[in-house]
Amino acid sequence: MHFTSEQRLDDGVLEREFTLGEIPGTLWTPEPATPAPLILMAHNNGLPKREPRLVARARHSAAHGYAVATIDAAGCGDRPRSAADEQARADLRRAMQAGEPVDDIFESFIGPLVEKAVPDWRTTLDALLSLPEIGGPVGYSGWTAVGIRLAVAEPRIAAAGFFAGGYVPRAQREEARQVTIPLLLLLQWDDEGNPRQRALDLFDAFGTKEKTLHANLGGHTGTPWFEADDGNRFFGRHLK
């Protein structure tokens, strides 16, 4: 892991950009530097790591005592995209504009993104846990499809907060039954791009005995800011 920049922010947080091979990422840590629990934070469907809503949540959690890291995984954010990725994105835009069904296109697009992203997240986790300012345990927050795959494949993930607004491939909906860690799922009740019943069925499918659903009125990007505080309290119960 090579740190490429460093900035001390006015909320008592140290922000550092890093590269890990071909993986670019950002790490936020509270100051003064002491071993802190780690939250891996991923935005839905491969949006860039510098997406403002993700950065705001990351800084908020870091200011409350967590180390927070995000990356652009393979095929996500600013990373190079394959011809197949670009074609799927173009097909998705065309279908949405035409009002056509999009589930099959999402499957061809999101499924491969998840399969490519999870190894990058695990490689990043290995490197982060070697840093003296990170002490574990580890939580995950954000993109549900990747989070499900990580929760099943990665025993170091102790708790997860998922956002129900991103498409979850059929493979991950089946894997949800194997998720046994404490879980918080956020659902926007009026999300125009996410069928409500599908999100409720996914919540029901999770195998954990400790799961909580927070549903709020509003569209896709309308998650109330107080959910960031509730998320910190959730991770406080399981990571501290």
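Sequential numbering from 1 along the given sequence is applied to the chain's residues.
- Salt bridge status for R50 with E15: present, with a side-chain N to carboxylate O gap under 4.0 Å.
- Taking CZ of F163 as the reference point, atom CG of N194 lies at 13.0 Å (rounded to 0.5 Å).
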Verify side-chain hydrogen bond (donor to acceptor under 3.5 Å, both in side chains) between R57 and S141, making sure each step is shown before the conclusion.
CA-CA 10 Å; R57 289 192 295 116; S141 175; 3.1 Å; yes
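- For the side-chain contact (heavy atoms from CB on, under 4.5 Å) test, no residue two or more places apart in sequence or in another chain qualifies with T34.
- Note: Q172 CD to L150 CG = 10.5 Å, rounded to the nearest 0.5 Å.
- At distances below 3.5 Å, at least one donor-acceptor pair connects side-chain atoms of T208 with backbone N or O atoms of I181.
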Tell me, with the steps shown, if R16 and E31 meet salt bridge (Lys or Arg N to Asp or Glu O under 4.0 Å).
CA-CA 13 Å; R16 287 174 287 175; E31 292 194 296; over 6 Å; no
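- In summary, R237 and E210 do not engage in a salt bridge, as defined by a charged side-chain N under 4.0 Å from a carboxylate O.
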Step by step, work out the side-chain hydrogen bond (donor to acceptor under 3.5 Å, both in side chains) result for H60 and D229.
CA-CA 8 Å; H60 187 69; D229 292 321; 2.7 Å; yes
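- Counting heavy atoms from C-beta on, the side chains of F234 and P182 come closer than 4.5 Å.
- At a threshold of 4.5 Å between non-hydrogen side-chain atoms, the residues L131 and M1 count as touching.
- Ion pair E22/K116 not flagged as a salt bridge, since none of the NZ, NE, NH1 or NH2 atoms sits closer than 4.0 Å to an Asp/Glu carboxylate oxygen.
- Among residues at least two apart or in separate chains, ring-ring contact (aromatic ring centres under 6.0 Å, His included) pairs with a member in residues 174-207 are F162-F206.
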